[in-house]
Amino acid sequence: MQYISTRGGIAPVSFKQAVMMGLATDGGLLLPTAIPEISAETLGQWRGLSYPELATAVLSLFIDDIPPADLRELVEKSYRTFNHREITPLVKQGDCFIMELFHGPTLAFKDVALQFLGNVFEYLLKESGGKMNILGATSGDTGSAAIYGVRGKERINIFILHPHKRVSPIQELQMTTVTDANVFNLAIRGTFDDGQSIVKAIFNDLAFKEKHQLGAVNSINWARIVAQVVYYIYAALRVTKSEGAEQVDFSVPTGNFGDIFAGYVARRMLPKQIRNLILATNENNLLTRFILNGDYSLGPVAQTSSPSMDIQVASNFERYLYYLNGEDAGRTRKDMDSFGASGSLQFDELAQERVRADFASRSVNEAETIATIRDFYQKHGYVLDPHTAVGVKAGLAGREAGVPMICLATAHPAKFGAAVQSAIGHEPELPESLAALADKESRCEVMAAEVAAVKAYVERHAL
Ligand SMILES: *Cc1c(COP(=O)(O)O)cnc(C)c1O
């Protein structure tokens, strides 16, 4: 399988090249030249597979430059760190299925993709004899998944900036108790935005970037998307079988459009089994406005109880735009340029019809999110985290009789204890792995929120 850019400015590359490239060198995003539709016969063979077996089968359709035995080993290694035998189990609660994507080491769905990406990076760097220094900034939620993805890996160091004392105690512990020699937590005396602009400034110093082989683990890496495609297929196979149904719907709490785009790819592979994809947003509803009204225009970022969805510019949106534009890279590049200049794109009636055929959508406000956590707990005794609650609210509203609704649970509720407490009156039970963090040794460097300070630190500790 070859990969091309949504902006058409690069010659096709292989999977390995696509992973190491991350962002295409023309500023676009990488996509496979084709998305294979799965035959009924193959699907029949897939039905009985375990999660790692299915993952290997699905991934091998997109990855033909890693030998099958090696790919299988990478997959198995990636999901051995999960604490549930089924990796992404489904639990039926009333009118919907909750797909629990939070059984990885940091109890959030990003582990599903980042455990795999970390192993792929290590494998490819070993092969090429290269090295990588990963640099990123976090507001607290996603830094730990990146850290756990590469902790202890050879040829990789990771530097993650977080705003000092402005992340929750659990988030801080999840990051700083990883004391592997290749992990560097930098607590900067400033805000998340300061951290992001420092990282941006360092990446813009091309000589520095080149010298230290700086890399990123953001959500635009194709390896992350393809790893997420797997659980849609896994769930569709399980639930159609257990319910005797032809089709299923999914509801997806959305921020950067990565997870829902994986669902879009999965539906192109299984068009008969996957029907509706519901894109659920919190009060940051740019994508909902796009789907319902064809209006893709930037607004201010609002802070909500589902912070991993407090996003306006969704970094993976361009991948869908490319398909919406009939795979016309020139037009996609023009659209992105014009969005960059004006912060807005408008779509005509014809495009809007196509978008509405691809996605349903609903924006869920704060009061509804908290009420959903409360109602769901009262009805089923099951605690939703606020991100999952946004998806459940949208999913239950968009549900149709006879079609099972699968709601993606993207974080363990204990990671967002304060919001849960406000809904149900008490904090969710801490899973053992989180409770144990308080007693662990931790390591963290506190420093000024200055480019020069961070650069000097990276310079000293880079591979
Ligand atoms: C990242 C994240 C999301 C949003 O996923 P995208 O792929 O960015 O759309 C939702 N919930 C949680 C808990 C997350 O960490």
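Numbering of ligands and ligand atoms starts at 1, following listing order.
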*Which residue holds the protein heavy atom closest to atom 2 (C) of ligand 1, what is that atom called, and what is the gap in Å?*
Lys110 NZ, 2.4 Å
*Who's the nearest protein heavy-atom neighbour of atom 7 (O) of ligand 1, and how far?*
Asp259 N, 2.9 Å
*Ring center gap for Phe359 and Tyr320 short of 6.0 angstrom*: yes
*asked:* Under 3.5 Å between any N/O of Ala108 and any N/O of ligand 1: does that happen in this structure?
replied: no
_Would His387 count as being in polar contact with ligand 1, using the rule that some N or O on each side must be under 3.5 angstrom apart?_
no
*Show which atoms of ligand 1 fall inside a sub-4.0 Å distance from at least one heavy-atom site of Gly258.*
6 (P), 7 (O), 9 (O)
*Any chance you could measure Leu324, atom CG, to Phe317, atom CZ, to the nearest 0.5 Å?*
7.0 Å
_Arg7 with Asp26: basic N within carboxylate O range, under 4.0 Å_ = no
_As an exercise, identify every atom of ligand 1 less than 4.0 angstrom from a heavy atom of Thr254._
9 (O)
*Can you list the atoms of ligand 1 that are under 4.0 Å from a heavy atom of Ala411?*
13 (C)
_Taking a cutoff of less than 4.0 Å between a non-hydrogen atom of the residue and any ligand atom, is Pro253 in contact with ligand 1?_
yes
*Less than 4.0 Å between a side-chain N and a carboxylate O, is that true for Arg333 and Glu318?*
no
*Do any N/O atoms on Gln228 end up under 3.5 angstrom from N/O atoms on ligand 1?*
no
*Where do Gly395 and Ser251 come nearest, in terms of heavy atoms and distance?*
N-OG, 3.5 Å
_Could you identify the single nearest non-hydrogen protein atom to atom 9 (O) of ligand 1 and state the distance to 0.1 Å?_
Gly255 N, 2.8 Å
*Among protein heavy atoms, which lies nearest atom 8 (O) of ligand 1, and at what distance?*
Asn256 N, 2.7 Å
*Cation-pi between Arg267 and Tyr264: NZ/CZ under 6.0 Å from ring centre and within 45° of the ring axis?*
no
*Report the C-alpha separation of Asp310 and Asn284 in whole Å, then their side-chain angles, then the decisive distance to 0.1 Å, and conclude whether the side chain to side chain donor-acceptor pair (under 3.5 Å) test is met.*
CA-CA 6 Å; Asp310 291 346; Asn284 296 287; 3.1 Å; yes
*Is there a donor-acceptor pair closer than 3.5 Å between any side-chain N or O of Arg356 and the backbone N or O of Leu292?*
yes
_Geometry only, no angles: is Thr410 polar-contacting ligand 1 at N/O separations under 3.5 Å?_
yes
*Judged by atom type as modelled, is there a donor-acceptor pair below 3.5 Å linking the side chain of Asp295 to the main-chain atoms of Phe290?*
no
*Test of proximity, Phe257 against ligand 1: N or O pairs below 3.5 Å*: yes
*Atoms in ligand 1 flagged as close to Phe109, the criterion being non-hydrogen separation under 4.0 Å*: 1 (C), 2 (C), 3 (C), 5 (O), 7 (O), 14 (C)
